[in-house]
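Take a look at the structure below.
As a basis for the values below, the full set of heavy atoms in this structure was taken, side chains included, without hydrogen atoms, waters or symmetry mates.
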Amino acid sequence: MVRMGNASGEGTPTADFKTFTSSTTRTSSSLFVTLLISFATFNIRGLGTKQDDSEHSKREKLGSDCARYHVDFCAIQETKVVEPGVCTLSNGYRLIWFEQRDGRHGGLGFVISPRMFDYVVCYKTISDRVSYMDLEIPSRSGNPIRCRVVNAYGPHSKLASDNPKLLVNFYGQLRDAISVPSNVEIFVLGDFNSKLGKMTYADSTFGFNRFMGNYGMGVRNEMGENLLDFLGESDLYATNTSFKHAARHITTFTGWRKDWSAGRQSKKTLPVYSQIDFILCRSKSRVLLQDSRSYAGAHTFSDHRLVVTRVNFKDIRLCYKRPSSSITKFNTSELASNPNIQTKYRHSLESALSMVAPPSDPNQDLNNLLSSMKDAATSSIGPHPADLEIVVMTMKSKNFPKNGTFFGRG
């Protein structure tokens, strides 16, 4: 794990989230950074060579696309570059790519916007298919928002079927990458080569709507089943299945197949549109999502599309449930106006106090008095009408349908 500015893996070690303490908290003089942050994933099918440094190079086009679509952090796959490196593009974006140990046809990297440089704590590569970056984003409360951004590149179905261990290792490395405390936000960006497909009625029945939205694409394949199992196990959510968009903004990959209707000798092909690139977040963090979609207008040449998810950390407090209040409110208006209630309360309180032995400790005496008053109020006054209404509504909501079916379907 190395600090920002060194992709070779030879740098000063920095604090990991597993060993994070208050003494390692990064501070920033600028707390006015916008909390609307865009995460993206893009399989670029090659990063280009070092010699190609012109303004029309693929690297410059990649930076231009990130600026054009207001992307803050972009995870890139298939860099096809063996040696690691870091460079600053002409528009100020910083490009990082990691070394490849087991081949030359993959490779991972990140593109970071200038306004986010100061909030990158460290980055690390786990394998040729999994890497991550740790962030600490300042907030108005003074406590930084800690995030782990994971870059993932899953094996395609043919490779996974020929070598099942490769798929097992991939998801094992992903589990290691997302092993952080529960108060650290997780975003997994990548090309999973998996089709989640549209959510079916059976998916809703079994509760899979916690892990994916209603706006997936196509039919789930075996690789998609593995991805869904990982989502359920890790309690993650596929963000780009959550928003209703045109089909062209749900598609993330365009393949081609032979058009057999044109004859066996014809070379005519037809496009096949799929959704195999995903951006994942914690299921409880769905409330932070502003939008998620793909863009087909990128200048960077690829058969994949740029997928962008926009997150508003301003509402991060909504991710954590507040403890429910256990204070019982009594209907004191009846006690003040109804003589019968007053008499009943007086008798109940006298009866409760007569059963309590006088203690020698004044504090214990006060606690006994308060407990007796509460018992007398419970038996004579009753709860406040508003609390009673909530109890009645809760009981009504637990009634099962008379026809024995759920979700309004037979």
Legend entry - Non-neighbouring partners of F73 that pass ring-ring contact (aromatic ring centres under 6.0 Å, His included), sequence neighbours left out: F39
Inset, instruction - Sorted by first residue and then second, give each side chain to side chain donor-acceptor pair (under 3.5 Å) pair with at least one member in residues 230-248; sequence neighbours left out. - result: R175-E233, R210-D235, D235-S283, Y237-S242, T239-S292, T239-T309, H245-D291
Legend entry - Listed partners of N367 passing side-chain hydrogen bond (donor to acceptor under 3.5 Å, both in side chains), at least two apart: none
Legend entry - All ring-ring contact (aromatic ring centres under 6.0 Å, His included) counterparts of F230, not counting sequence neighbours: Y171
Inset, instruction - Go through the structure and list residues passing side-chain contact (heavy atoms from CB on, under 4.5 Å) with S127, not counting sequence neighbours. - result: R129, V130, Q173
Legend entry - With D375 via salt bridge (Lys or Arg N to Asp or Glu O under 4.0 Å) - residues at least two apart: none
Legend entry - Partners meeting side-chain hydrogen bond (donor to acceptor under 3.5 Å, both in side chains) with S38 (sequence neighbours left out): R310
Inset, instruction - Only counting residues at least two apart or in another chain, list the ones meeting ring-ring contact (aromatic ring centres under 6.0 Å, His included) with F253. - result: H304
Inset, instruction - Can you tell me which residue pairs pass the side chain to side chain donor-acceptor pair (under 3.5 Å) test with a partner in residues 215-231, sequence neighbours excluded? - result: D203-R220
Legend entry - Under the side-chain contact (heavy atoms from CB on, under 4.5 Å) test, residues paired with H156 that sit two or more places apart: K158, L159, N193
Inset, instruction - Give the minimum heavy-atom separation between L47 and R59, together with the two atoms involved. - result: O-CG, 3.3 Å
Legend entry - Sequence neighbours excluded - side chain to side chain donor-acceptor pair (under 3.5 Å) pairs with any residue from residues 71-82: T41-Q77, N43-E78, R45-E78, D72-S113, D72-R115, Q77-N151, E78-K80, E78-Y153
Inset, instruction - Return the set of residues passing ring-ring contact (aromatic ring centres under 6.0 Å, His included) with Y295 (not counting sequence neighbours), or none when no residue passes. - result: Y69
